[in-house]
Amino acid sequence: MLKLDGIATFVAIAEAGSLSEAARRLRLSKSVVSDRLAELEHSLGATLLHRSARRLTLTEDGAAFLERATRIAREVEEAAADMAERRGTLAGPLLISAPVTFGRMHLGPAIYPFLARHPEIALTLDLDDRRVEAGADSYDAVLRHGSIADSRLVAWTLAPSRRVLVAAPDYLARRGSPASAAALDGHDGIFYTNRGSGDWRFHGPEGAVSVRGRPSLRVNNGDMMRDAALAGLGIALLPLFIAGADIRSGRLGIVDIGLQPEVEAIYLAHPEGRRPSAKLRAFADCLRQAFGAPPYWEA
């Protein structure tokens, strides 16, 4: 007899690519995940996954079963969420991906009261600066900073986000403070690898302007970009939610070239075609209220 928890576990393993990662996402022990998979394969009379020391791959039977199993698991999850809504409660798992620096600096004060108000929600928050795919990686939603270009996602704007060029006072004293895009060209730059060295894009009265700095450091973490700027390694284009406190203290100075960086936002995106749950909508509303309009980090 097939069990729903076995089907859901198989889907989680297939999406995660390993028993260990599936166990982490399901908040179960690896042995329980392995036992559920073995029981499901026994009930079906088929091997669903090829196991090796390095990876798991779907068998032909596993690939055929996965599509329907995924649909079943999603429908059961949505049905359970609907029942919770009917009872007037928000309950069940919620898996969210968010950037490391923003999550560390700004998500805690927002989500802790939310979880206290809704103790039946089991939130898993993955802090990761890589670009993840909400649907493929089984996330309910991804929180990101920037602009969204993936048409498979539906994005909810949580707050505007302004970026500014910054550098340490000693760097500006040593190299000079550029007052135009032309003067900025050639300065040492600290760049976010997920965006690349073409990230210095601005707009002004005459339209869009792009400047290519000379990379002194490329790194995929906002904290390290700020720290490198504080160390005098060059100029960085940073959001105010990272650099605001250091600007106010004078540890970083704003580099004004007479142009504004492209407007961006903090957004929460969920896969198109998947009806967002009540708990996801409540989570988004909680973040909007906590961040404020305009957001508190831009005060």
Side-chain angles (χ1 to χ4, degrees), residues 98-110 127-131 143-147 157-181 183-204 209-267 287 290-299:
V100 175
T101 301
F102 186 83
R104 182 187 62 78
M105 295 181 70
H106 301 288
L107 280 185
L127 298 183
D128 196 330
D129 284 330
R130 69 185 176 90
R131 290 285 180 179
L143 188 152
R144 286 295 180 267
H145 167 253
S147 57
T157 299
L158 303 178
S161 178
R162 191 159 59 95
R163 295 193 296 165
V164 292
L165 286 168
V166 295
D170 68 324
Y171 174 87
L172 297 176
R174 186 173 71 251
R175 295 289 305 276
S177 183
S180 66
L184 178 63
D185 191 19
H187 266 269
D188 293 337
I190 301 161
F191 293 98
Y192 188 51
T193 51
N194 289 354
R195 293 172 179 260
S197 56
D199 187 39
W200 285 358
R201 297 185 300 273
F202 308 90
H203 61 86
V209 177
S210 181
V211 179
R212 296 193 72 84
R214 182 174 62 243
S216 63
L217 176 67
R218 297 182 179 94
V219 65
N220 69 338
N221 178 264
D223 284 317
M224 288 196 66
M225 289 180 67
R226 179 199 58 217
D227 291 347
L230 289 168
L233 293 184
I235 296 174
L237 182 58
L238 289 174
L240 284 174
F241 68 74
I242 293 177
D246 291 304
I247 293 170
R248 289 189 290 273
S249 70
R251 297 176 68 200
L252 289 175
I254 293 178
V255 177
D256 184 3
I257 62 170
L259 301 171
Q260 295 299 318
E262 292 182 338
V263 177
E264 298 192 334
I266 305 295
Y267 63 86
L287 295 183
F291 299 157
Y296 64 83
W297 55 78
E298 297 195 0

In residues 291-299, what donor-acceptor pairs under 3.5 Å come from side-chain atoms, sequence neighbours left out?
| unit_1 | atom_1 | unit_2 | atom_2 | d |
| --- | --- | --- | --- | --- |
| Y296 | OH | H106 | ND1 | 2.6 |
| E298 | OE2 | R162 | N | 2.6 |

With sequence neighbours excluded, what pairs up with [X] under the side-chain contact (heavy atoms from CB on, under 4.5 Å) test?
X	answer
D256	none
P215	F191, S197, R218
A173	none

Closest approach of [X] to [Y] (non-hydrogen atoms, all atoms of both residues):
X	Y	result
L259	G204	CD2-CA, 3.7 Å
F202	L165	CZ-CD1, 3.7 Å
A110	L287	CB-CD2, 3.7 Å

Do [X] and [Y] have side chains that get closer than 4.5 Å, going by heavy atoms?
X	Y	answer
V164	P261	no
I257	W200	no
L158	L143	yes

>> Between R144 and Y267, does the side chain to side chain contact (heavy atoms under 4.5 Å, CB included) criterion hold? Intermediate values first, please.
In response: CA-CA 6 Å; R144 286 295 180 267; Y267 63 86; 3.5 Å; yes

> Should we say atom CE of M224 is surrounded by more than 12 heavy atoms from elsewhere, each under 6.0 Å from it?
Replying inline: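 No.
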
Could you pull out all residues at least two apart from [X] that satisfy side-chain hydrogen bond (donor to acceptor under 3.5 Å, both in side chains)?
X	answer
S177	none
N220	none
D223	T101, R104, R226
D188	R175, R214

> Quick one: CG on D129 to NE2 on H145, what's the gap to the nearest 0.5 Å?
Replying inline: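 Result: 12.0 Å between the selected atoms.
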
Give the table of side-chain donor-acceptor pairs shorter than 3.5 Å for residues 232-255, with sequence neighbours excluded, one pair per line with atom names and distance.
| unit_1 | atom_1 | unit_2 | atom_2 | d |
| --- | --- | --- | --- | --- |
| D246 | OD1 | R251 | NH1 | 3.1 |
| S249 | OG | A245 | O | 3.4 |
| S249 | OG | D246 | O | 3.1 |
| S249 | OG | R251 | N | 3.4 |

> Excluding sequence neighbours, so at least two apart, what forms salt bridge (charged side-chain N to carboxylate O under 4.0 Å, His left out) with E264?
Replying inline: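 R163, R195.
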
